[in-house]
Amino acid sequence: MSEQGRTDEAATYDMSAAQEKWRRVWDDLDPFRAGSAAPGAEKRYALTMFPYPSGDLHMGHAEVMALHDVIARYWWQRGYDVLNPIGWDSFGLPAENAAIRNDEHPATYTYANIETQAESFRRYGISFDWSRRLHTSDPEYYRWTQWLFLKFRERGLAYRKNSPVNWCPNDQTVLANEQVVQGMCERCGAEVTKRELNQWYFKVTEYAQRLLDDMDALVGTWPDRVLAMQRNWIGRSEGAHVDFDIELASGETRTVTVFTTRPDTLYGATFMVVAADAKLAAEVVAPAQADALAAYVEEVRKASDIDRLATDRPKSGVDLGVTATNPVTGEQMPVWASDYVLADYGTGAIMAVPAHDQRDLDFAKVFGLPVRRVVDTGEDNPEETYVATTGDGTYVNSGPLDGLADKAAGISRIIEQLEADGRGTGTVNFRLRDWLLSRQRFWGAPIPVVHCPDCGEVPVPEDQLPVRLPDDLKGADLKPKGVSPLAAAEAWVNTECPSCGGQALRDSDTMDTFVDSSWYYLRYLDPSYDQGPFDPEQAREWMPVAQYVGGVEHAILHLLYSRFFTKVLHDMGMVDFVEPFSALLNQGQVINQGKAMSKSLGNGVNLGEMIDTYGVDAVRLTMVFAGPPEDDIDWADLSPGGSVKFLQRAWRLAGDVTSPAGTAPEGGDVALRKATHKTVHEVEQLIEAHRFNVVVARTMELVNVTRKAIDSGCGPADPAVREAVETVAVLLSLVAPYTAEEMWERLGHQPTVARVGWPSVDPALLVEDTVTAVVQIQGKVKARLEVAPDISEADLEHLAMADPAVVRAIDGRPVRKVVVRAPKLVNVVV
RNA sequence: GCCCCCGUGUCCCAACUGGCAGAGGAAGCCGCCUUAAAAGCGGCGAGGUGCGGGUUCGAGUCCCGCCGGGGGCACCA
């Protein structure tokens, strides 16, 4: 790129040559090895969500890594000992599907892509410690995933149960609730159906309250919206279980418990509704209504989840032909079945209070069921309007509660009464369900359990881990068949029972890949550790992660699971903290022309081409400068060419410095020195606040004033110029490592600029000689005064009132009030 | 339907606990340099902060109500 015959001002450096050159130097110096900081340095763990190895890196990776690296490199410069590892989340469906397509083993695709991405990361110049590299599909890794599964099982936190589960007919596997989005498979978009299967679960629900409570410690360092999403997902609600006796057709009595958040409206419960697809409905239905129920359930099954999600569709249901007794009024209430009650939330049955719940009221209206108001809110009576009232009010028609106007008191009184009568109890209910972890796919960690006809479910002994995946399956062997491809691998699935030695079968399901990623941050501490999943000593030194950076798409799944794992490990005594990630930053997405990049829109931007055209540094700088890190950035709005120009301008400064390396800055041009020190000081605060775009803007300003100083100010030989240019190089080392290194070399220094240390700020140089004070009349600026920064309020007021422009503006009117904020402002009110 | 975030020059974006609306960049225009162009250097313009109220000496910033955009949840009893 550099050519002969150009003037000095127009000189540029060759970006691609610099990339080749410095990459080798860095490989040699290995400057980002954790543990290489000065002895006693504070340790900081910088983590970025590890990539999935599909294809090469894309613009999204480029953005998140560029932002993340600002933090990691800043910490190194500040003298911290930094752990910034990289690895791959390398199990998963895309590799398996590629293997079926290409008639090969999934490992082929996986490890080839990993090499491609690793090469791209190196070229991209991220400050990773490559010695910590891991892949979750390595047997050395999944050995410990399996080990953790067994430990969870020992603690009763991994268990099997029969249950209707989410089934993706396209991927031919079950899905966790978290992986079903709007009734669709979050991976392939197919409509999810239900199947009754025996599957493995992690008992996340046991940790629901702690997952909620411990979020208090994350407020302020995690994005509010992520905390809100997790809270919402956990879905805690306080209420009561209330028992209703149902008079069955056989004459027997069956007690049915409902969950309600409004036990205080029990006097207004006029009917009961059970989930149509729950066993309960079939168990209590009167014989005369059994056919009607069966027909209704069939109808509901046919209606897809998509239809169910439409909240405005009319209520439907069927009368079960039995009645339940209201425990406080003694009234007989009809029992209905409907699909608006969910089988797997609460108890799958509700007491309907149509006057104060719109859904119940809609149902009552369709079927002509009674409505009775028990809370008078002052609004129109819902019995007439068919608009349910849900606010606070005075209890009516509610026996002992009548006249009371306090909802909290109403709730606790009813609960007391129910508890005294043995008809109910106060309780807390969560929306969170247990985590379904079995997958009927091949490319995952096998579940380390053997099923023996005599001994039943037998865990694989620890010394036999890992249970390795067979390496002789490929192509059509891996086609989804509704059961795991492993079930058909006879040589693999047939085994000895570890307990009795008899013929037995391995569990042929594999674990959800989210199990792998729930603990990888601990494995990074020492990926070759063979005494356990991670080195507890290293965990004490480095954990928890000081800054985690990644996409908001993991707001619930990965982050919730990792938090759960950490709490379990804490309870096992393996770690001494309860939250894995102290701070979280969600970067925005890179979009193009207002829309997410996609093949169908044809608006994709190829990272490799961008790097070839503009160079790594310009692409990184463009990403960081684009805007606040958590905002989406539209590539069409940006100017990578402008970034190139800026980097060349900055680089050119280094060539203009004529003072020798090592020149002390003292005695240099004071104005330039002040600009330099002020920039460093501001950048420190901006980085702490993650305002990286402004960091770049401040660096540009410093480049601009340095250019002026060289051309028309103190001149290139002034020591302040060297100080300014060296500062620019250090600032750029966070964002544009190649340019920074080129500058550093040109300035007569040895590599690497990435570890030279952060410039120290001289507080004396942060003090301004004079400050511009603004004098306002009625809030409008009328005069400006140059004053000392430490001027007293009285002096400033005096100066302001004496200013001719101010006197003119006041024009003899009486001054009602003078507001003085020394040294910046005086406001005169007349 | 409920909850959250965001609306600042042509565009992307700055503006500390309320205190001179403009830092940086892009695009544009004008000079300098050049035989010329590119590159480089220097300079210029423009909005009163989506709309309407309110609080305040003073509001882009705080409060209320709208409009527009984005996101999350969604029959969760």
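Order of the sequence lines fixes the chain letters, A, B, ..., with proteins taken first and strands second; residue numbering starts at 1 for each chain.
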Asker: How close or far is atom P of rG72(B) from atom CD1 of Ile234(A), stated in whole angstroms?
Answerer: 19 Å
Asker: Measuring from the side chain of Asp711(A) (C-beta onward, heavy atoms only), which nucleotide among rC41(B), rA77(B), rA74(B) has the closest atom?
Answerer: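 Shortest atom-to-atom distance from the side chain points to rC41(B).
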Asker: Whole Å only: how far is the CG atom of Leu557(A) from the P atom of rG72(B)?
Answerer: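 Result: 13 Å.
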Asker: Work out how far the P atom of rA74(B) is from that of rC3(B), and round it to whole angstrom.
Answerer: 16 Å
Asker: Which one, rA77(B), rA14(B), rG42(B), comes nearest to the side chain of Asn693(A)?
Answerer: rA14(B)
Asker: Arg231(A) CZ to rC3(B) C1': how many Å, rounded?
Answerer: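 Rounded to whole Å, this separation is 12 Å.
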Asker: Please say which of Arg698(A), Glu701(A), His677(A) ends up in a side chain to side chain contact (heavy atoms under 4.5 Å, CB included) with Glu682(A).
Answerer: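 Among Arg698(A), Glu701(A), His677(A), the one that satisfies the side chain to side chain contact (heavy atoms under 4.5 Å, CB included) with Glu682(A) is Arg698(A).
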Asker: For a quick test of reading the model: is some side-chain N or O of Tyr340(A) closer than 4.0 Å to OP1 or OP2 of rA77(B)?
Answerer: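 Result: no.
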Asker: Please work out which of the three classes, parallel, tilted or perpendicular, describes the rings of Trp336(A) and Phe367(A), given edges at 30° and 60°.
Answerer: tilted
Asker: To the nearest Å, how far apart are Ile350(A) CD1 and rC75(B) C1'?
Answerer: 9 Å
Asker: Watson-Crick or G-U wobble partner for rU35(B), using a 3.5 Å limit on both distances?
Answerer: none
Asker: Anything under 30° is parallel, anything over 60° is perpendicular, the rest tilted; go ahead and classify His558(A) against His554(A).
Answerer: perpendicular
Asker: Is rG48(B) in the syn range, within 90° of 0, or in the anti range?
Answerer: syn
Asker: Provide the Watson-Crick or G-U wobble partner of rG28(B), both distances under 3.5 Å; none if there is no partner.
Answerer: rC44(B)
Asker: Consider the side chain of Glu701(A), meaning its heavy atoms from C-beta on, and name the nucleotide among rA23(B), rA77(B), rC11(B) that approaches it most closely.
Answerer: rA23(B)
Asker: Is the distance from the ring center of Phe646(A) to that of Phe625(A) below 6.0 Å?
Answerer: no
Asker: Kindly say if Ser338(A) contacts the phosphate of rC75(B), meaning a side-chain N or O under 4.0 Å from OP1 or OP2.
Answerer: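 So the side chain of Ser338(A) is outside the cut-off, no N or O lying under 4.0 Å from OP1 or OP2 of rC75(B).
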Asker: Compute both the distance and the angle, then confirm whether Lys315(A) meets the cation-pi test with Phe363(A): under 6.0 Å from the six-membered ring centre, within 45 degrees of the axis.
Answerer: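 No, Lys315(A) and Phe363(A) do not form such a contact.
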Asker: When all nucleic acid strands are considered with a 4.0 Å heavy-atom cut-off, which category describes Ala626(A): base, sugar-phosphate, or nothing?
Answerer: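 The answer is sugar-phosphate, as Ala626(A) gets under 4.0 Å only of primed atoms, P, OP1 or OP2.
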Asker: Could you check whether atom CD of Glu238(A) has more than 12 heavy atoms from other residues, nucleotides or ligands sitting under 6.0 Å from it?
Answerer: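 For Glu238(A), atom CD is not crowded (no more than 12 foreign heavy atoms under 6.0 Å).
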Asker: Below 4.0 angstrom, N of the basic side chain to O of the carboxylate: do Arg433(A) and Asp344(A) qualify?
Answerer: yes
Asker: Using the closest heavy atom to pick a nucleotide of RNA chain B for each, name whichever of Ser643(A) or Ala343(A) lands nearer the 5' end.
Answerer: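 So the residue in question is Ser643(A).
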Asker: May I ask you to decide if the ring planes of His241(A) and Phe259(A) are parallel, tilted or perpendicular, using 30° and 60° as cut-offs?
Answerer: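 His241(A) vs Phe259(A) ring planes: perpendicular.
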Asker: I want to verify a distance call: between rA14(B), rA26(B), rC41(B), whose nearest atom is closest to the Arg698(A) side chain?
Answerer: rA14(B)
Asker: If you find the nucleotide of RNA chain B closest to Arg225(A) and the one closest to Val781(A), which residue's nucleotide is nearer the 5' end?
Answerer: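 Of the two residues, Val781(A) wins.
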Asker: Any idea which of rA23(B), rA77(B), rG71(B) is nearest the Ala697(A) side chain?
Answerer: rA23(B)
Asker: Who are the side chain to side chain contact (heavy atoms under 4.5 Å, CB included) partners of Val735(A), not counting sequence neighbours?
Answerer: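 Val735(A) satisfies side chain to side chain contact (heavy atoms under 4.5 Å, CB included) with Val70(A), Leu621(A), Val624(A) once adjacent residues are dropped.
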Asker: Provide the Watson-Crick or G-U wobble partner of rU49(B), both distances under 3.5 Å; none if there is no partner.
Answerer: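 By the stated definition (distances under 3.5 Å), nothing pairs with rU49(B).
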Asker: When both hydrogen-bonding distances must be under 3.5 Å and the geometry is Watson-Crick or G-U wobble, what is rC2(B) paired with, if anything?
Answerer: rG72(B)
Asker: Is there a side-chain contact between Asn704(A) and the phosphate of rG25(B), meaning an N or O under 4.0 Å from OP1 or OP2?
Answerer: yes
Asker: Among the candidates rG42(B), rA26(B), rA77(B), find the nucleotide nearest to the side-chain atoms of Arg707(A).
Answerer: rG42(B)
Asker: Distance check, P atoms only: rA27(B) and rA39(B), in whole angstrom units.
Answerer: 10 Å
Asker: Can you name the one residue among Thr347(A), Leu320(A), Val256(A) that meets side chain to side chain contact (heavy atoms under 4.5 Å, CB included) with Leu280(A)?
Answerer: Val256(A)
Asker: Nearest whole Å is fine: how far is rC13(B) C1' from Met623(A) CE?
Answerer: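 Between C1' of rC13(B) and CE of Met623(A): 17 Å.
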Asker: Ser237(A) has a side chain; which of rA26(B), rC73(B), rA77(B) sits nearest to it?
Answerer: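 The answer is rA77(B).
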Asker: Applying the Watson-Crick and G-U wobble criteria at under 3.5 Å, what pairs with rA77(B)? Answer none if nothing qualifies.
Answerer: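 Across all strands, not a single nucleotide pairs with rA77(B).
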Asker: Between P on rG71(B) and CD on Gln230(A), what's the gap in Å once rounded to a whole number?
Answerer: 21 Å
Asker: Please measure how far the P atom in rG1(B) lies from the corresponding atom in rC62(B), and state the result in whole Å.
Answerer: 27 Å
Asker: Starting at atom CG of Asp339(A), determine the distance to atom P of rA77(B), rounded to an integer number of angstrom.
Answerer: 17 Å
Asker: In whole angstrom, what separates Phe646(A)'s CZ from rA23(B)'s P?
Answerer: 18 Å
Asker: NA contact type, Gln685(A), heavy-atom cut-off 4.0 Å: base, sugar-phosphate, or nothing?
Answerer: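 The residue Gln685(A) makes no contact with any strand.
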Asker: Can you tell me the Watson-Crick or wobble partner of rU55(B), both distances under 3.5 angstrom?
Answerer: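 For rU55(B), the partner nucleotide comes out as none, under the 3.5 Å rule.
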Asker: By a strict heavy-atom criterion of less than 4.0 Å, which residues belonging to residues 814-830 of chain A are in contact with RNA chain B?
Answerer: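 Heavy-atom cutoff 4.0 Å gives Lys817(A), Val819(A), Arg821(A), Lys824(A), Leu825(A), Asn827(A), Val829(A).
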Asker: Could you tell me whether the phosphate oxygens of rC41(B), OP1 or OP2, come under 4.0 Å of any side-chain nitrogen or oxygen in Arg649(A)?
Answerer: yes
Asker: Give none if rC13(B) has no partner; otherwise give the nucleotide forming a Watson-Crick or G-U wobble pair with it, both distances under 3.5 Å.
Answerer: rG22(B)
